[in-house]
Q: 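First, the structure itself, so that you have it in front of you.
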Amino acid sequence: MKELVDKLSEKHSLSESEYAALIRGRALDITAELAGLAVQTRRAIYGNDVFTRGLIEISSICKNNCLYCGIRKDNHNANRYRLTEDDILSCAAEGYRLGFRTFVLQGGDDPFFTDPVLCGIVYKLKENHSDCAVTLSMGERSRESYKQLFDAGADRYLLRHETADPEHYARLHPKEMSFANRMQCLYDLRDIGYQVGCGFMVGSPFQTPETLAKDLKFIEEFKPDMCGIGPFIPHHDTAFRDMPAGTVEETLYLLSIIRLIHPPVLLPATTALGTIDPNGREKGIQAGANVVMPNLSPVEVRGKYELYDNKICTGEESAQCRQCLDTRMRAIGYRLVVDRGDIKRQTEVNSNV
Ligand code: SAH
């Protein structure tokens, strides 16, 4: 194991079977060693800065039926809502006052948000806050649509690949959803010029060390600007309700590995990690993450964007969320910065180290 860790930290690359061995061999000593290396690597690039993104959950209406997700189309118990353009712009204005310089619009794949509608919102956000980045996380769309949104001003796009193993993908999604299309979307987004984020759930049903090894190899090769990983948490109205949740330990271990695979990657300590452990986000930062994404959605709708059970921060105002995270980060020796939080390119990284 020690040799695998050394090789990973020096070469930023392992073979798929070595990644699988590293995942199978997870133990306390190796976890601590990886976290130490990951923090050192991150610190050389980003110091003790933690970037924030203001997350605006714009719709819980979805045309898709991902088997794990609480807002899947066929969940007739889900509470559905859709924010108006005015709602979204005022959430962003409030976020701006609080020091956010990136807004992430995330939602179900809601057909209401056609290209003209979404482009109009992106355009106005950039007009109101020209010093901010706009990130979209609105699922699979056509290349043409991604291009129009980019031209309207969107800077970044998050689309978790969910799993890099096609058979595993097919067990997590209904047959009308395609692994090949999701991957193609990521390549299209990159090609158009977005900063692109992929990612997956840790401990999703049917995940194995071998499927995870494929995720890691994909990350090594694709070199995403951002990578969102968080534990799978079952939702009571889905077929996966009785499946075990992913663990904090495995999530932290993978965060450290991903930091070492791709040192400058923007890596969030996710809300799902904060949901399964009250100090999950702090632990995520201490394992190598460098981003947090507190919620800016209106408090009335927060409980309705229920991807999984027991999601945290559904009752607090945006200002409270920002304040709470600020205190949490200070307590572990980090600071939330008022910054767009773009990825540092390798050339900048080299000149810093
Ligand atoms: N419609 C968009 C946004 C999806 S929600 C899209 O398709 O990209 C954002 C992410 O939440 C998903 O990509 C998935 O990885 C995660 N998620 C969904 N259900 C979850 C669950 N039960 N537990 C943990 N994460 C979940």
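Position 1 is the first residue of the sequence, and the numbers go up from there. Just follow the structure's listing: the first ligand is 1, and inside any ligand the first atom is 1. Remember, it's a predicted structure, so these values are computed and weren't measured experimentally.
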Q: Taking C-beta and beyond as the side chain, do His161 and Tyr169 meet within less than 4.5 Å on heavy atoms?
A: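 Sidechains of Tyr169 and His161: no contact.
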
Q: Measure the NE2-CG distance between His236 and Asn310 for me, rounded to the nearest 0.5 Å.
A: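 So the NE2 of His236 and the CG of Asn310 are separated by 9.5 Å.
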
Q: Give me the nearest non-hydrogen protein atom to atom 26 (C) of ligand 1 as residue plus atom name, then the distance to 0.1 Å.
A: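 In this structure, atom 26 (C) of ligand 1 has Met201 SD, 3.5 Å as its nearest protein heavy atom.
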
Q: Should Leu22 and Ile261 be regarded as members of a common hydrophobic cluster, given that ILVMFWY residues are connected when their side-chain heavy atoms come within less than 4.5 Å of each other, either directly or indirectly?
A: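 Result: yes, single cluster for both.
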
Q: Of Glu162, Lys311, Arg72, which has the heavy atom at the shortest distance from atom 14 (C) of ligand 1?
A: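 Considering heavy atoms of Glu162, Lys311, Arg72, the nearest to atom 14 (C) of ligand 1 sits in Glu162.
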
Q: Considering Gly246, Gly203, Pro231, which one's heavy-atom position lies nearest to atom 24 (C) of ligand 1?
A: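 The nearest heavy atom belongs to Pro231.
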
Q: Does an N or O anywhere in His235 fall below 3.5 Å from an N or O of ligand 1?
A: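 Such a contact does not occur with ligand 1.
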
Q: For ligand 1, which atoms sit closer than 4.0 Å to a heavy atom of Cys69?
A: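 With Cys69 as reference, the close atoms of ligand 1 come out as 19 (N).
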
Q: Among all protein heavy atoms, pick the one closest to atom 9 (C) of ligand 1 and tell me residue, atom and distance.
A: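 Result: Gln106 NE2, 3.6 Å.
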
Q: Between OG1 of Thr314 and CD of Glu300, what distance do you get to the nearest 0.5 Å?
A: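 Reported value, rounded in 0.5 Å steps: 12.5 Å.
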
Q: Decide if atom CZ of Arg171 counts as having more than 12 heavy atoms of other residues, nucleotides or ligands within a radius under 6.0 Å.
A: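 Atom CZ in Arg171 is not crowded, with 12 or fewer foreign heavy atoms closer than 6.0 Å.
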
Q: What is the nearest protein non-hydrogen atom to atom 3 (C) of ligand 1, stated with its residue, atom name and distance?
A: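 The answer is Gly107 O, 3.5 Å.
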
Q: So which protein heavy atom does atom 11 (O) of ligand 1 come closest to, and at what separation?
A: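 That would be Leu307 CD1, 3.5 Å.
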
Q: Select the closest option to atom 8 (O) of ligand 1 among Met177, Arg182, Lys63, Glu306, judged by heavy-atom distance.
A: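 Result: the heavy atom closest to atom 8 (O) of ligand 1 is in Arg182.
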
Q: Checking a contact table here: which protein heavy atom is nearest atom 19 (N) of ligand 1, and how many Å away?
A: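 Nearest protein contact, heavy atoms only, for atom 19 (N) of ligand 1 is Tyr68 CD1, 3.3 Å.
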
Q: Which residue and atom name correspond to the protein heavy atom nearest atom 21 (C) of ligand 1, and how close is it?
A: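 Its nearest protein heavy-atom neighbour is Ile233 O, 3.5 Å.
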
Q: Taking 4.0 Å as the limit for heavy-atom contacts, which would you say applies to Glu57 with ligand 1: side chain only, backbone only, both, or neither?
A: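 Contact part for Glu57 vs ligand 1: neither.
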
Q: Are Asp188 and Lys147 close enough for a salt bridge, meaning some N to O gap below 4.0 Å?
A: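 No.
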
Q: Would you mind listing which atoms of ligand 1 come within a distance below 4.0 Å of any non-hydrogen atom of Leu159?
A: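 Within the 4.0 Å cut-off of Leu159, ligand 1 contributes 8 (O).
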
Q: Can you name the atoms of ligand 1, numbered from 1 with element, that are less than 4.0 Å from a heavy atom of Gly139?
A: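 Once the distances to Gly139 are compared, the set is 2 (C), 6 (C), 7 (O), 8 (O).
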
Q: Whether Lys124 and Glu127 form a salt bridge (side-chain N of Lys/Arg under 4.0 Å from carboxylate O of Asp/Glu) is what I want to check.
A: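 Lys124 and Glu127: not salt-bridged.
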
Q: Does ligand 1 have a heavy atom under 4.0 Å from the side chain of Glu140, from its backbone, from both, or from neither?
A: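 No part of Glu140 comes within reach of ligand 1.
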
Q: Hey, is Asp309 close enough to Arg241 for a salt bridge, meaning N to O under 4.0 Å?
A: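 Salt bridge flag = no for Arg241 with Asp309.
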
Q: Tell me if the centroids of the rings in His173 and Tyr68 come within less than 6.0 Å of each other.
A: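 Distance test on ring centres: under 6.0 Å, yes.
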
Q: With backbone taken as N, CA, C and O and side chain as the heavy atoms from C-beta onward, which portion of Arg160 lies under 4.0 Å from ligand 1: side chain, backbone, both, or neither?
A: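 It is the side chain that gets close, since no backbone atom is under 4.0 Å.
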
Q: Strictly under 6.0 Å, is that where the ring centroids of Phe103 and His129 end up?
A: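 Yes; His129 has its ring centre under 6.0 Å from that of Phe103.
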
